[in-house]
Amino acid sequence: MGSQGGWGQSKEFLDLVKSIGEARSKAEEDRIILREIETLKRRIAEPDVPRRKMKEYLIRLVYVEMLGHDASFGYIHAVKMTHDDSLLLKRTGYLAVTLFLNEDHDLIILIVNTIQKDLRSDNYLVVCAALTAVCKLINEETIPAVLPQVVELLGHSKEAVRKKAVLALHRFYQRAPNSVSHLISNFRKRLCDNDPGVMGATLCPLFDLIKEDINSYKDLVVSFVSILKQVAERRLPKTYDYHQMPAPFIQIKLLKILALLGSGDKQASGHMYTVLGDIFRKVEPSSNIGNAVLYECICCVSSIYPSPKLLETAVDATSRFLKSDSHNLKYMGIDALGRLIKINPDIAEEHQLAVIDCLEDPDDTLKRKTFELLYKMTKSSNVEVIVDRMIDYMISINDNHYKTEIASRCVELAEQFAPSNQWFIQVFEHAGDLVNVRVAHNLMRLIAEGFGEDDEGADSQLRSSAVDSYLRILGEPKLPSVFLQVICWVLGEYGTADGKYSASYIIGKLCDVAEAHSTDDTVKCQSLIDELSASHSTDLQQRAYELQALLGLDSQAVESVMPLDASCEDIEIDKNLSFLDNFVIQSIEKGARPYIPENERSGMFNIGNFRSQYQHEASSHSLRFEAYELPKPSPPPTVAQVAFPLPTTDLVQVPEQTYPRETNQTSNLPSATDASSADFGVKLRLEGVQRKWGRPTYSSPSASSSSSTQKTANGATHLDGGGTASSQTRDSFHDSRRQQAEVSAEKQKLAASLFGASTAKSEKRQPSTHKTPKGISTSTEKPAVKGAISSSEPPKEKTLPSSPPPDLLDLGEPTPASIPSMDPFKHLEGLLGPTSAPSAIDHSSAAGPKAPDLMALYTDASPAGVSSSSLNPALADIYTVNKNSHETANVAAMKKGPNFQDSLQKDATARQVGVTPTGNNPNLFRDLLG
Amino acid sequence: MVIRELSGLILTRGPKLCNFVEWKGYKVVYRRYASLYFCMGIDADDNELEILEIIHHFVEILDRYFGSVCELDLIFNFHKAYYILDEILIAGELQESSKKTVARLIAAQDSLVETAQEQANSISNMIAQATK
């Protein structure tokens, strides 16, 4: 076997793997595999293939299939191999079969027999192999064939077999709950198994069973608690320890079960308090697995009947998560917070800044989780801010799945809290095709009915803002059809209601729409044309509805328009209209008159061919449009009037100034749906500011006690580094410092709006100087930063921070132009990145005793800067491997030091066989430690 | 297809971001070892940190089995990695959290395999000699 490189495979196979590894393109890989398939087909078909050879062929088939090619020609051979007597071959057969076949494959029936036989085998390893196959292959139909045997194996003398039998039964339960419902007592029995592995495995099915029916298992609470207690007290064999934690996986499972059992049950929860408290105390929060247990404890505490003391502990643990630098822990912290606020909503307030940091984190996963949290803590007081945020985010992503989700959440919140409604419209605008039709109807009803309790003024304001935004949206090329219907309806109904727009303008818009989407509306329009013998044929059904209403009011020809009525019904507006007659009349009175001039203008059309009509009219309208749009950018009223090519103004009872005023607004706030609410405008800008600053991780309050010193170190660092950098960079660095302070003030503001009263006092403060955030208790590290900086900077630069724009809102205006927008650490990175590695070394050695802190900062912001330093052992965060720094082999951090020699040897072997390792260093552990 | 989309998603994530990805309503936990990524799709109510540790548990066992495991070990012995995985995870549940137990089981299987091999070899040798 030595000649085969120690891997036990033939040269041929090694060559195959090697060539795949060296393939430069997918096409090349495919070619190699296709050739391999041909070879295998030929070889397998040969008579009397030696069994060992066949085993290798099977493994090669698995390889082929792994790379995404079809190896079905060999399936039958895999099945045959399971019949083999030799365990080696049998296992290979089973492995190949489980990988090849899904549970509904026809060949499975051929294996059932073998499995049955193997389950009876004397050799427990054969039984194990068969049980593994059972877990993967047995489907609902074949469960009865093996069930009795599996149950029997629960009493097997080997714990490995018992364990697998338990899990096989669990699998059966997952596939077909009824098939094992009579066996539940067996699970209970296995819970008392001598072997902790079996006991641990039994927790899996029990968890599922308890989830289904909590009450039947209340009697087990005491047992679970005592098991958990024993585990926590290290009564299990040492081999179950994982990173110095006693059997953490079993603990987690138990905690999950207890969370279920204790939910809403005071008595059961009472049993758990002591052990939970113990675990909280014992858990080692420095290790990942410790945090996993901790998190599960928090979940459990938040699920069971609340105990104030435990809650407090849980809150502490959560805040530790949130303050952590690790994104994983932040994620878990956000999740935990979401659970805890269900019990006590006030908890969130302490962590508002951390939450906002997470919200603005560039990490999408974290952001989504935070939105989930916000969704959970939405109240009537903060719903607008939250949904604004959600909408902004929704617009920015293009993952349809998540878009749908977030849209439906927005809508749900809208229905729950019914706030300003503006964003209801907005949600629809951006996710129109994703939300369901019902929402569209709700929206229309909302616009039509208004708030109910509110006065008419608010209603019409809503309507006019809806009209504004829809007119704007209408210009976009692609609109979801449901949304289009809503738009048309709204425009038809309220387009002219508040007098801002002339009816002809609205009609023109609608005509455009009709032209662009003239698929199904044409028929409806035709009847209209016939009816009116006029050529405003391009109206949509909504417009038609107005006409119909007009006719209805005139009590003429009502019958003839009945089909139109029907056409309107499909968007369910009839009901609404009955109580909106006023508006209808109004709009028609305004709207009806412009028809005639329009028709006259385009009088060349006849009813005859209205395809061409469309086109003509469309062209004339679009002409008119251009003229219309002109005044928008420069809004002096006179210009606007000049630019008006049509004498519409006299037809519409519109005060002349309103039009320019309106355009003015729209040009100012092009992205705002709501042009009328100043409040909203403010918020919008605020958001712009925040987005501008991008990643705000630096301001996450990391362990508040140490953060100030850390930052001080950073200040010093900067001075060191700044020596080489130009003063310009330094200025911009400083500038961004100042802006950071501003941002934090922004955050305060956002926090205040999100979390309500507790920080209300800070809201009013204008961040005119860098000292501003001092007023807020939760961000005391900010002033500390400032202090550190300004004390260590030359006086010349000191002046810089004291001259920020006095008003927050001013910051919203200078958008991309003045984007230094990076946080100071990024600047640091900028300083260090381009400079060569040696300078970085000098740098860190110059920093002397502060080095560890410094390194921590570097890792925070600039992985690039770290590359050359081997100073910091804490750096070795095992799974976030930094490729840049993998030359620093850091063995100390490993629990179990890998054998360096060993890996070198292995590497050498690999090369001997002629395999070039893919990476610089093929050793996983060595690499990951770097 | 799944792999392609997911790897596109995961590989673009920076080293400091969290090791969880939401993808089409699923959650995926990944962990990177040098140039290798281990990914696990999980339920919504699973404990992500625990999953990370399960991955690490698997890697530690691989390491113990192969004696400081490297990528090449896995490339050439993917079937053995599968065997080991079968001893750790079954039907989506952690089957055995004791490294020693897993190692013992796998060693038992391997030794049995080897004795079987030796027997086979010696038998075939005998046959070969007999037929000579």
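Numbered from 1 within each chain, the chains take letters A, B, ... in sequence-line order.
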So which residue, [options], ends up with the most heavy-atom pairs under 4.5 Å with chain B?
options	result
A:L99, A:L366, A:V62, A:I20	A:L99
A:R171, A:K163, A:E159	A:K163
A:L131, A:V166, A:T132, A:L95	A:L95

Whether A:Y63 and B:F78 hold their rings parallel, tilted or perpendicular, with breakpoints at 30° and 60°: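 Correct class here is tilted.
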Aromatic ring pairing B:Y83/B:H79, orientation class (parallel under 30°, perpendicular over 60°, tilted between): perpendicular
Contact part of [X] toward chain B, heavy-atom cut-off under 4.5 Å: side chain, backbone, both or neither?
X	value
A:L329	side chain
A:K158	neither
A:L236	neither
A:I250	side chain
A:K238	neither
A:Y331	side chain
A:I252	side chain
A:Y94	neither
A:K211	side chain
A:T92	both

Engaged part of B:F20 at the chain A interface, taking heavy atoms whose separation is under 4.5 Å: both
Side chain / backbone / both / neither for B:I54 at chain A, heavy atoms under 4.5 Å: both
B:F38-B:Y30 aromatic ring centre distance below 6.0 Å: no
Heavy-atom donor-acceptor pair, A:Y240 side chain to A:G197 backbone, under 3.5 Å: yes
Exam field: side chain A:D363 to backbone B:C18, donor-acceptor pair closer than 3.5 Å: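 A pair under 3.5 Å: yes.
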Geometric cation-pi criterion B:K80 and B:Y65, 6.0 Å radius, 45° cone: no
Any donor-acceptor N or O pair under 3.5 Å, side chains B:E50, B:H57: no
Which atom of B:D86 lies closest to which atom of A:K164, heavy atoms considered: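 Result for this residue pair: O-NZ, 3.6 Å.
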Lys/Arg-Asp/Glu bridge criterion (N-O < 4.0 Å) met for A:E56, A:R52: no
Derivation and outcome, side chain to side chain donor-acceptor pair (under 3.5 Å), residues B:E22 and A:T365: CA-CA 6 Å; B:E22 279 167 44; A:T365 313; over 6 Å; no
